[in-house]
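Report on one structure; see the data block that follows.
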Amino acid sequence: MFKSIRWKFITVYFLLVFIAMIIVGIFIVKAFEDQQIKQTSESMESYVEKLLEYSSVVKNEDWNIEETKKSIKDTIKKWPLPTTDRIYIINNSPTNPVIIAANPNNENIIDTSAYENKEIEPQLFLGALNEGVNKQGLSVNKDNIRVKHLAYPVTSDEMGEVKGIIYMASDLKNITDTLDESKIILAKATLLALLITVTLGFFIARSITEPINDVTVKAEKMAEGDFNQYVDVKSNDEIGQLASMFNFLTDKLNSTISEMYREKSKMETLFNYMADGLLAVNDKGNIIHANPVALNILNFTYNDIIKIKFDDIFKDIDKNITLEYLTKEDSWEGAETIHIGKSTYRAKYAPFKNNSNEIGGLIIVFQDITEQHKLENMRKEFVANVSHELKTPITTIKSYSETLLDGAIDNKGLATQFLTVVNDECDRMTRIVRDLLQLSNFDFKEMKWDKSKLSINKLIESSYMKINMAAQEKNQSINIDIKDDLPKIYGDKDALEQVMLNILSNAVKYTPDEGQINVCAETKGENILVTIEDNGIGIPKEDLNRIFERFYRVDKARSRALGGTGLGLSIAKQIVAAHGGDITIESEYNVGTKVNLILPKENN
Ligand code: ADP
């Protein structure tokens with residue numbers, strides 16, 4: 001309780017007033033006492049002086065003469081004396097001073113030695129005898145009453161010698177009583193002043209401590225997390241300024257917290273919706289943040305991942321991004337290509353700093369580069385395929401032409417045979433280059449279409465005419481089943497015929513002799529569906545989804561032997577897509593293949 005400012009205030013006020021009152025009281029009482037004693041002393045002196053002035057016997061006569069002694073006694077008896085005072089006329093003998101006269105109540109001590117009288121102080125008496133008036137005497141009698149003493153020497157006129165002493169004693173009881181009363185009044189005043197001081201101090205202290213308490217209570221609430229705390233500003237003094245400053249701090253804190261909250265929520269949204277995976281790990285190896293993409297990549301839930309050590313996950317993925325490795329190498333920034341499942345990621349990592357500006361952990365961003373990786377592989381594969389496809393005919397041409405140059409040219413039959421091979425190989429290269437050029441035109445969108453209204457019947461018919469010969473050679477029969485009222489399509493005749501020819505020629509090529517090929521065309525909603533079905537060698541399931549890739553062939557040797565380039569279906573797919581259609585293939589290995597060609601009907 002006494003630790004509070006309120007009580008400190010009250011105590012200080014109390015002590016200040018108490019000390020002030022005590023000091024003032026002491027001074028007042030002392031001054032009053034001195035003044036009263038001085039007054040008593042002066043009235044005693046004036047009494048003696050008046051006695052001497054009016055009594056010639058006392059003043060002028062010789063005190064040793066018996067008659068004078070008697071006259072003095074009588075004079076004293078008659079001379080009015082205050083009730084509190086006593087008077088003694090003493091002769092001048094320093095060794096044996098005798099009381100010549102005394103006030104009426106003390107007459108019994110007349111003619112006795114002054115030194116035997118308890119009230120007469122020998123020092124004072126002797127002092128007056130030798131040095132003159134002495135009014136310093138002050139004593140306490142047996143009744144505990146303070147007594148003021150005065151010794152007044154009386155000198156004879158002729159000789160100027162001290163003939164005796166007028167000794168007076170006066171009770172100071174009245175003064176003591178008055179002083180005691182004053183002390184009681186002062187004590188009461190002190191008590192009253194202290195009471196007022198404590199009461200006022202209480203209210204003054206409260207006016208100071210209340211706003212401070214208010215600030216303390218609200219600051220405590222803020223420490224507990226409730227930042228919406230304001231205090232009342234009741235004045236413009238230091239306390240008021242403290243309250244204003246507190247409110248200003250609250251505003252500032254609130255705006256800073258809102259700013260931080262906004263930033264945090266911005267960052268959270270950014271992390272949660274970013275396309276890349278993000279993971280933060282502290283220097284102890286605990287995962288402290290993982291966005292949904294990162295969780296998905298690593299196949300963990302958030303609650304699971306925060307329980308697992310970072311290194312335990314990554315040592316099996318790529319040990320080069322484990323904290324153990326990075327700490328050992330002291331290389332905290334870099335990128336690694338990692339493979340998780342069937343996907344490929346670029347993991348870029350960099351450190352973040354802690355409060356002491358040391359490395360506090362690592363942030364890793366996972367970029368999904370699976371597609372890029374696949375494309376890169378496809379590009380490499382494509383270049384390898386092109387080189388390979390061209391290398392074979394070039395090697396053949398080179399070896400045949402060398403043989404011819406070496407002399408085979410002289411043998412006409414052999415030369416014709418060799419030159420036919422060279423010619424075939426040139427045709428083959430021409431086909432490859434033509435197909436590649438066409439694909440390149442698709443890639444660079446430089447294909448020029450000559451679109452017009454087309455009858456699907458005619459398209460199928462003209463393609464059939466071109467392929468029928470090859471089918472007949474293999475004793476295959478081609479059945480065509482087209483609905484008469486098929487609507488027209490809108491497209492490039494040559495390009496679509498190229499598609500039809502490619503599909504039909506594949507059906508002929510990859511169907512053994514005596515095989516059956518059925519071509520149907522019908523309307524399917526807004527499209528025309530052309531199906532080309534054969535009962536040939538079919539395509540194994542695992543190859544089906546790659547069949548439209550460039551240079552992809554189920555059986556390379558067979559395709560090559562049959563004059564295929566492996567580019568036909570990918571070209572066909574691109575042509576059909578450019579017409580707003582699609583090609584799909586259904587096949588069963590060793591049973592047959594069904595190609596679905598979907599083309600949109602012509603509008604109008
Ligand atoms: P290619 O010039 O080799 O025929 P395509 O792109 O036309 O190239 O065909 C790609 C591959 O698809 C062929 O090599 C073949 O393995 C397979 N294929 C296409 N059509 C058929 C089909 N009707 N029956 C069996 N396999 C086929």
Side-chain angles (χ1 to χ4, degrees), residues 29-53 55 57-59 61-64 68-69 72-73 75-77 79 81-157 159-180:
V29 169
K30 183 82 182 97
F32 183 69
E33 188 182 16
D34 288 351
Q35 197 253 340
Q36 287 293 312
I37 291 174
K38 194 176 158 211
Q39 245 180 32
T40 308
S41 167
E42 275 169 7
S43 74
M44 284 163 86
E45 216 173 318
S46 90
Y47 177 85
V48 174
E49 273 164 10
K50 273 188 192 136
L51 177 71
L52 287 174
E53 197 181 323
S55 167
V57 183
V58 178
K59 194 172 182 233
E61 301 301 322
D62 183 353
W63 292 3
N64 289 324
T68 313
K69 282 182 191 171
I72 292 170
K73 259 190 248 169
T75 309
I76 295 298
K77 237 188 240 174
W79 194 264
L81 188 71
T83 50
T84 52
D85 293 1
R86 276 125 9 236
I87 188 164
Y88 308 100
I89 311 291
I90 306 164
N91 70 7
N92 62 354
S93 165
T95 48
N96 186 24
V98 176
I99 299 168
I100 299 168
N103 55 304
N105 293 342
N106 284 327
E107 272 180 345
N108 57 329
I109 58 159
I110 294 173
D111 295 331
T112 61
S113 165
Y115 288 156
E116 281 167 22
N117 190 315
K118 292 244 165 60
E119 202 165 46
I120 295 166
E121 287 187 4
Q123 289 298 328
L124 204 73
F125 169 78
L126 289 173
L129 213 56
N130 299 323
E131 287 149 29
V133 180
N134 197 332
K135 26 183 168 170
Q136 301 308 319
L138 209 54
S139 70
V140 178
N141 70 11
K142 61 180 183 343
D143 298 324
N144 217 15
I145 293 168
R146 291 176 84 202
V147 182
K148 172 78 190 156
H149 301 260
L150 172 76
Y152 196 99
V154 182
T155 40
S156 60
D157 283 343
M159 307 295 287
E161 145 201 4
V162 176
K163 58 182 178 187
I165 300 287
I166 299 178
Y167 195 102
M168 276 191 87
S170 176
D171 287 351
L172 299 179
K173 191 172 182 312
N174 287 346
I175 296 173
T176 311
D177 288 350
T178 315
L179 276 173
D180 286 347

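Model, not experiment: these values are computed from the prediction. Start at 1 with the first residue, then count along the sequence.
- Contact check for Leu172 versus Leu138: side-chain heavy atoms found under the 4.5 Å cut-off.
- Using bins of under 30°, 30° to 60° and over 60° for the plane-to-plane angle, the ring pair Tyr88/Tyr167 lands in the tilted bin.
- Here the side chains of Thr112 and Asn117 are not in contact, with every heavy-atom distance at 4.5 Å or above.
- Note: Ile89 CD1 to Thr75 OG1 = 9.0 Å, rounded to the nearest 0.5 Å.
- Of the possible donor and acceptor atoms, one in the side chain of Thr178 sits under 3.5 Å from a partner among the backbone N and O of Asn174.
- Between Lys173 and Asp177 there is a salt bridge, since a side-chain N of the basic residue sits under 4.0 Å from a carboxylate O of the acidic one.
- Looking at Ser43, its side chain does come within 3.5 Å of a backbone N or O of Thr40 through a donor-acceptor pair.
- Side-chain contact between Tyr47 and Leu150: absent, with no pair of heavy atoms (C-beta onward) separated by less than 4.5 Å.
- Contact annotation: the side chain of Met168 approaches that of Leu81 to within less than 4.5 Å [non-hydrogen atoms, C-beta and beyond].
- Considering only heavy atoms from C-beta on, Ile87 stays 4.5 Å or farther from Trp79 through its side chain.
- With Arg86 as the fixed residue, the side-chain hydrogen bond (donor to acceptor under 3.5 Å, both in side chains) test singles out one of Asn103, Asn105, Asn106, Asp171: Asp171.
- Counting heavy atoms from C-beta outward, Arg146 and Ile37 have side chains that approach closer than 4.5 Å.
- Here the side chain of His149 pairs a donor or acceptor atom with the backbone of Glu119 at under 3.5 angstrom.
- By the 6.0 Å contact criterion, CD on Glu53 is enclosed, its count of non-hydrogen atoms from other residues, nucleotides or ligands being greater than 12.
- Salt bridge Lys73/Glu107: absent, no basic N to carboxylate O contact under 4.0 Å.
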